[in-house]
Amino acid sequence: MTVLTADSWVATDLGDPTKVLQRRSVEVREPGPGEVRVKVAAFCVNLNDTDVVRGRYAILPLTPPFTPGMESVGVVESAGPGAEHLVGQRVMGIPVMAHGGFAQYAILDAATTQVLPAWLSDAEAAAVHYPYHLGWFALVERARIQPGETLLVHAAAGGNGSAAVQLGKALGATVIATAGGPEKVEFARSLGADVVIDYLDGGFADQVDEATFGHGVDVAYDTVGGTVTTETFRCMGIHGRHLLVGYSQDIANDGAPVTTAPAVYGNFSLYGVCLVYVDDPLGLRRTLGFNWPARSEGQHAHAKLLTMLRSGAIRTVVTEEISFDDLPAAMERQENRQTMGRVVVHVPQ
């Protein structure tokens, strides 16, 4: 049997990606049941990948050497049992165990894959999965946001935030966005946010209170955690839904304790959000205790999102397209909050 090798970025140790990532030729195995092997065309730079490389992403502890990368876009060139129908299709999806995507070939979990239309370029397709599927799951499926409600989006100039702003507007909400610095404030405003607050000016809760005439917000989209989460508690209106989508600040350098008392006395709800599509949600719950949505729900969301993209109701936010060589430097810039929207990496063919 011919062994397939792929040019890959490999974490040789845990630490700074610019120091521990090395280009290596890595063997890529055959896909197993429910898996596909993809010839990767593009992927996005994600903060979660940096956290994995630094060894501070507790839910995905990996021992070097390993290839990071938790999303891929490319053409399926082989498939394991149960996924043969995907051979030849261009798809986006999550690599098995959420790593292995920083390579010319990757093994994807077929349950996470979504087929891509020809009218989306590889760069555009790479900017769809996490920001828009995550945003749809959070805003539509979890928060059940309604037209006329007020949505607060943190880190609105980032990859996930820029999608949440657009989805909120497309779903009929009034959007209040927070961003850091004048350039990011203008960027968030260009995405359609009704009110944009520069949190570097010294917090945001008082300005949210003013913008809502004291009522607070109906939904908060919070990917930051730490003191941002605790300050957001002050922004929530009665019957509000605070979406806990991530905790990047906790992992990095904040870690402010979060207690449930504000939700009790404020009569608002805390909604956890974790998106991975799976074939057997009940089996996953029984074995790991996680509640993740079914592949069928992902296909439904994908159809809705493609319709919105095709009509122009939302758009992908690709601000940079870089070469495979430039990946570690881009990860460093993203970690230092020097990027906006989605940074897409093109993989050599």
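Values below: all heavy atoms of this structure, side chains included; hydrogens, waters and symmetry mates excluded. Numbers for residues simply follow the sequence, beginning at 1.
Through side-chain heavy atoms spaced under 4.5 Å, either directly or across other Ile, Leu, Val, Met, Phe, Trp or Tyr residues, Val75 is tied to no other residue. Other members of the cluster containing Val318 are Val344, with ILVMFWY side chains joined at under 4.5 Å, either directly or via other members. As a member of the Ile/Leu/Val/Met/Phe/Trp/Tyr network built from side-chain separations under 4.5 Å, Val10 groups with Val26. If you chain together ILVMFWY residues whose side-chain heavy atoms come under 4.5 Å of each other, Val196 ends up grouped with Val185.
The salt bridge (charged side-chain N to carboxylate O under 4.0 Å, His left out) contacts involving residues 201-213 comprise Asp206-Arg234, where partners must be two or more places apart or lie in separate chains. The ring-ring contact (aromatic ring centres under 6.0 Å, His included) analysis of residues 277-306, with sequence neighbours excluded, yields the pairs His133-Tyr277, His133-His302, Phe290-Trp292. Under the salt bridge (charged side-chain N to carboxylate O under 4.0 Å, His left out) criterion, no residue pair touches residues 275-284, with sequence neighbours excluded. Pairs engaging residues 147-185 under the ring-ring contact (aromatic ring centres under 6.0 Å, His included) rule: His154-Phe204 [sequence neighbours left out]. The salt bridge (charged side-chain N to carboxylate O under 4.0 Å, His left out) contacts involving residues 162-179 comprise Lys169-Asp194, where partners must be two or more places apart or lie in separate chains.
Under the 4.5 Å side-chain heavy-atom criterion for ILVMFWY residues, a single connected hydrophobic cluster contains both Leu108 and Val76. In the hydrophobic clustering of ILVMFWY residues, with side-chain heavy atoms under 4.5 Å counting as a link, Leu152 and Leu167 come out apart. By the criterion of side-chain heavy atoms lying less than 4.5 angstrom apart, applied directly or through intervening Ile, Leu, Val, Met, Phe, Trp or Tyr residues, Met331 is grouped together with Val347 in one hydrophobic cluster. Note on Val28 and Val73: separate hydrophobic clusters, where clusters join Ile, Leu, Val, Met, Phe, Trp and Tyr whose side-chain heavy atoms are under 4.5 Å apart, directly or indirectly. No path of Ile, Leu, Val, Met, Phe, Trp and Tyr side chains, each step under 4.5 Å between heavy atoms, connects Ile176 with Leu171, placing them in separate hydrophobic clusters.
Residues Gln89 and Thr113 fail the side-chain proximity criterion, which asks for heavy atoms closer than 4.5 Å. Contact of the Pro281 side chain with the Glu297 side chain is not registered, since no non-hydrogen atoms from C-beta on lie closer than 4.5 Å. In this structure, the side chains of Thr339 and Val45 stay at 4.5 Å or more apart for every pair of heavy atoms. For the pair Met340 and Ser162, the minimum side-chain heavy-atom distance is 4.5 Å or more. In this structure, the side chains of Thr67 and His99 stay at 4.5 Å or more apart for every pair of heavy atoms. Residues Asn160 and Val245 form no side-chain contact, since every pair of their non-hydrogen atoms from C-beta on lies 4.5 Å or further apart. Leu243 places a side-chain heavy atom less than 4.5 Å from the side chain of Leu139.
For Thr150 (side chain) and Thr174 (main-chain N/O), no donor-acceptor pair under 3.5 Å exists by modelled atom type. Not a single donor-acceptor pair under 3.5 Å links the side chain of Asp51 to the backbone N or O of Arg54. In this structure, Arg144 contributes its side chain and Arg142 its backbone to no donor-acceptor pair below 3.5 Å. With hydrogens and angles ignored, the 3.5 Å screen pairs a side-chain donor or acceptor of Tyr132 with a backbone N or O of Arg315. Looking at Asp198, its side chain does come within 3.5 Å of a backbone N or O of Gly181 through a donor-acceptor pair. Of the possible polar contacts, none joining the Thr18 side chain to the Asp16 backbone as a donor-acceptor pair under 3.5 Å is found.
Atom CD of Glu335 and atom CG of Asp49 lie 12.0 Å apart (nearest 0.5 Å). Atom-to-atom distance recorded for Leu270:CG and Thr232:OG1 is 11.0 Å, nearest 0.5 angstrom. Distance check, rounded to the nearest 0.5 Å: CZ of Phe324 to OG of Ser8 gives 6.0 Å. In this structure, Ile314 CD1 and Leu191 CG are separated by 12.0 Å, a value rounded to the nearest 0.5 Å. How far CD of Glu231 is from SG of Cys235: 6.0 Å, rounded to the nearest 0.5 Å. Here the straight-line distance linking atom OG of Ser78 with atom CG of Leu86 works out to 11.5 Å at 0.5 Å rounding.
Within 6.0 Å of NE2 on His239 lie no more than 12 heavy atoms contributed by other residues, nucleotides or ligands. For Glu183, the CD atom sits in a loose shell: 12 or fewer heavy atoms of surrounding residues, nucleotides or ligands are nearer than 6.0 Å. Taking a 6.0 Å sphere around CD of Glu27, one finds it holds 12 or fewer heavy atoms contributed by other residues, nucleotides or ligands.
With 3.5 Å as the limit, one finds a donor-acceptor pair spanning the side chains of Glu321 and His346.
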Met70 and Asn46: side chain to side chain contact (heavy atoms under 4.5 Å, CB included), yes or no, with the steps? CA-CA 8 Å; Met70 55 178 57; Asn46 288 299; 4.3 Å; yes
Intermediate values then yes/no, side chain to side chain contact (heavy atoms under 4.5 Å, CB included), Val219 and Gln146: CA-CA 10 Å; Val219 179; Gln146 299 297 311; over 6 Å; no
Please evaluate residues Val20 and Leu14 with respect to the criterion side chain to side chain contact (heavy atoms under 4.5 Å, CB included), reporting the C-alpha separation (whole Å), side-chain torsions for both, the decisive distance (0.1 Å), and the verdict. CA-CA 7 Å; Val20 303; Leu14 298 178; over 6 Å; no
Kindly determine whether Thr5 and Gln104 satisfy side chain to side chain contact (heavy atoms under 4.5 Å, CB included), including the steps that lead there. CA-CA 9 Å; Thr5 60; Gln104 288 180 312; over 6 Å; no
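In this structure Arg285 satisfies the side-chain hydrogen bond (donor to acceptor under 3.5 Å, both in side chains) test together with Asn291, sequence neighbours excluded. Applying the ring-ring contact (aromatic ring centres under 6.0 Å, His included) rule to Phe233 yields the partners His242, Phe268; only residues at least two apart in sequence or on another chain are considered. With sequence neighbours excluded, the residues forming a side-chain contact (heavy atoms from CB on, under 4.5 Å) with Thr112 are Ile94, Asp109, Val276, listed by chain and number.
Residue Ala125 comes nearest to Arg90 through the heavy atom pair CB-NH1, 4.4 Å, listed as atom of the first residue, atom of the second, then distance. In terms of heavy-atom proximity, Lys39 sits nearest to Glu77 at N-CG, 4.4 Å. Of all the heavy atoms in Val40 and Gly101, the pair that sits closest is CG1-O, 4.4 Å. Taking both residues in full, the closest heavy atoms of Ala42 and Asp122 are given as CB-O, 4.1 Å, listed atom of the first, atom of the second, then distance. The shortest heavy-atom contact between Ala301 and Trp136 is CB-CD1, 3.6 Å. Here the shortest heavy-atom pairing between Tyr221 and Ala138 reads CE1-CB, 3.7 Å.
Tested against Phe43 for a ring pair (Phe, Tyr, Trp, His ring centres under 6.0 Å), the candidates Trp9, Tyr130, Phe102 yield a single pass: Phe102.
Between Lys304 and Glu141, no side-chain nitrogen of the basic residue sits less than 4.0 Å from a carboxylate oxygen of the acidic one, so the salt-bridge criterion is not met.
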